[in-house]
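Reckoned from all heavy atoms, side chains included, excluding hydrogens, waters and symmetry mates.
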Amino acid sequence: MAVLAAAQLLDELMGRHRNTNPNEKIKKPNWEDPEYCKYYMVKFCPHDLFVNTRADLGVCPKVHDDEVKDLFERAESSYKKAQYVEEFLRFCRHMISDVERKIQKGKQRLELMNSKPEGPPMTQAQTEKNQEQVQLLSEKITALLREAEEAGSCGNVEQAQGLMKLCDRLKDEKEQLLKQQENSHWSMTAELAAAQEKQMEVCPVCGAFLIVGDAQQRIDDHLSGKQHVGYYKLRQAYEEMNEAREKEQQEKERRRREERERERSIRGGGLGSDRRDRERMERDRERDSHKDRERDRGDKERDRERHRSNREERNNRHEDRDRERDRDRDRERDRGDKERERDRDKERDKERERDRERKHRRERRSSHDRPRRRSRERH
């Protein structure tokens, strides 16, 4: 970014062809080249409005050239020129929609702060007791998690599951205590704001928070700030260009109507031609309104798609964490099953060893008893 900004500064001071050899032929500028900024040629570049502010868009990667801008303004109307204007209006509409959502969220936040809290604020003693309970619950949860891991390692799956259920109950109790403490904090903040008697409002242009009845110097500083001036310039340019485009469409419609009137007068048309002209006018008007609706619908659809993709990404992260947790549980369960299987194998080996020893003792006893029976039979 810093290198790009330095290069643009050098272009402004020394020209874009500062590195060109003296004998090299310089290419004539053309506003249709992709290296030039479309927004700068149409009106202005939004990247230059919010430098060093929270809404900073960074350095524009395209070239800003006043000569190319003059060529664009002097060029005849064409489809590509209209596309440049349409892209500029779409970008302005996108930024205005973002700041409108910011303004709406700011108003909702002020309504929440000005609303009555759910309960009275907690005292210092209650807050300390609440913190001690939270600390004690955190220690119990840590100890239970350690015991559950040891039980899972030893193959006691049922004991591990019971400990995890108890741990979940303690976590719920801890969350309730933290929520109660947070509500108390918001209640104290609301009371403090009410005591200070400083009402806030949201700037309808840039969405910044302002103090009602603040000093005139601070209000002037805000109105002359880059962010406020930038959004005001965006809104003004969008409204002016939209109004100019509507006037141009009305002028085109008026010229088409006059042209049809002349053609009808030349042909000496009657009622049938009037009806056909009216139908043609209605079709043209419906086609223009349909294009406007389709354009607005496309912009809204792109905004919804962006929010949907962000929501799906968050859901995917949650699902990945859940799957990782399930895999950990499955590994613990498999480890316990393997431990039990090894214990059973050891028990079976011991049983076989005992069977072999009993069989060996029986064989030795039978081999010792056989000579004695033979001697008794001789006597």
Side-chain angles (χ1 to χ4, degrees), residues 1-13 31 34-70 72-73 81-110 200-246 295-296 298-300 302-303 306-307 310:
M1 287 297 182
V3 176
L4 186 59
Q8 289 184 353
L9 182 59
L10 288 175
D11 290 340
E12 293 178 1
L13 295 175
W31 64 269
E35 63 180 350
Y36 299 110
C37 180
K38 301 177 182 178
Y39 306 143
Y40 185 77
M41 287 188 288
V42 174
K43 195 77 173 179
F44 53 82
C45 183
H47 293 78
D48 299 336
L49 298 179
F50 308 102
V51 179
N52 296 329
T53 64
R54 292 184 178 180
D56 194 353
L57 301 176
V59 181
C60 180
K62 301 291 184 178
V63 178
H64 296 175
D65 195 321
D66 294 334
E67 183 181 357
V68 176
K69 186 174 183 179
D70 294 336
F72 176 81
E73 293 175 354
K81 190 173 181 180
Q83 287 295 110
Y84 280 24
V85 176
E86 187 63 30
E87 289 185 17
F88 176 80
L89 290 175
R90 189 183 301 114
F91 190 86
C92 292
R93 183 166 55 248
H94 172 69
M95 292 197 66
I96 293 172
S97 299
D98 290 341
V99 76
E100 288 293 339
R101 284 192 293 271
K102 178 182 176 182
I103 293 172
Q104 186 64 26
K105 290 181 180 179
K107 291 181 178 179
Q108 293 176 359
R109 181 179 175 184
L110 287 181
M200 304 291 290
E201 63 178 355
V202 181
C203 178
V205 176
C206 62
F209 287 98
L210 303 175
I211 299 176
V212 179
D214 199 359
Q216 187 64 33
Q217 181 63 33
R218 293 172 61 87
I219 296 175
D220 294 340
D221 292 341
H222 170 73
L223 295 178
S224 61
K226 286 185 179 180
Q227 190 164 338
H228 183 90
V229 173
Y231 279 115
Y232 178 78
K233 191 173 181 180
L234 272 177
R235 293 174 183 272
Q236 187 178 15
Y238 180 74
E239 293 174 359
E240 290 177 355
M241 294 185 70
N242 254 343
E243 185 177 356
R245 187 172 60 176
E246 291 178 359
R295 183 169 52 254
D296 296 338
D299 295 335
K300 292 179 180 178
R302 281 189 290 272
D303 293 338
R306 186 175 64 257
H307 292 302
N310 293 333

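- Here the straight-line distance linking atom NZ of K102 with atom SG of C206 works out to 6.5 Å at 0.5 Å rounding.
- Atoms NE2 and CG, from H228 and L223 in turn, are 4.5 Å apart once rounded to the nearest 0.5 Å.
- For the atom pair CD of Q236 and NZ of K233, the computed distance is 9.5 Å after rounding to the nearest 0.5 Å.
- K81 and E73 get closest at one heavy-atom pair: NZ-O, 3.6 Å.
- Interatomic distance, CG of D56 versus CG of D48, reported as 10.0 Å (0.5 Å rounding).
- Residue H222 comes nearest to A208 through the heavy atom pair CE1-CB, 3.7 Å, listed as atom of the first residue, atom of the second, then distance.
- Separation of atoms NZ (K105) and CZ (R109) is listed at 12.0 Å; rounding is to 0.5 Å.
- How far CZ of F72 is from CG of D65: 14.0 Å, rounded to the nearest 0.5 Å.
- Looking at heavy atoms from C-beta onward, K226 lies out of side-chain contact with F50 at the 4.5 angstrom threshold.
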Practice task
Before giving the answer on side chain to side chain contact (heavy atoms under 4.5 Å, CB included), spell out for F44 and L234 the whole-Å C-alpha distance, their side-chain angles and the decisive distance to 0.1 Å.
Solution key: CA-CA 9 Å; F44 53 82; L234 272 177; 4.0 Å; yes
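- The nearest pair of heavy atoms linking A55 to Y231 is CB-OH, 3.7 Å.
- Judged purely by distance below 3.5 Å, without hydrogens or angles, the side chains of E246 and N242 never pair a donor atom with an acceptor atom.
- Counted within 6.0 Å of OH on Y232, heavy atoms from surrounding residues, nucleotides or ligands total 12 or fewer; the atom is thus considered open.
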Practice task
Quick one: do Q216 and D220 satisfy side-chain hydrogen bond (donor to acceptor under 3.5 Å, both in side chains)? Show the steps, please.
Solution key: CA-CA 6 Å; Q216 187 64 33; D220 294 340; 3.0 Å; yes
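- Heavy-atom minimum distance, M241 versus K43: SD-CD, 4.4 Å.
- The aromatic ring centroids of F88 and Y238 lie 6.0 Å or more from each other.
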Problem - side chain to side chain contact (heavy atoms under 4.5 Å, CB included) between M95 and L57, worked out - result: CA-CA 11 Å; M95 292 197 66; L57 301 176; 4.0 Å; yes
Exercise for the section: Take V212 and M200, measure what side chain to side chain contact (heavy atoms under 4.5 Å, CB included) needs, and give me the verdict at the end. Expected result: CA-CA 6 Å; V212 179; M200 304 291 290; 6.0 Å; no
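- Side-chain contact between E240 and E243 is absent, with no heavy atoms from C-beta onward closer than 4.5 Å.
- When the shell of 6.0 Å around CZ of R101 is examined, it contains more than 12 heavy atoms from other residues, nucleotides or ligands.
- Looking at V202 and L210, their side chains never come closer than 4.5 Å, going by heavy atoms from C-beta outward.
- Remark: side-chain polar atoms of R235 are paired, donor with acceptor, to backbone N or O of V205 under 3.5 angstrom.
- With respect to R245 and E86, a salt bridge is recorded, a charged nitrogen being found less than 4.0 Å from a carboxylate O.
- Residues satisfying the side-chain contact (heavy atoms from CB on, under 4.5 Å) test with C37, not counting sequence neighbours, are Y39, Y40, C45, C60, K62, H64.
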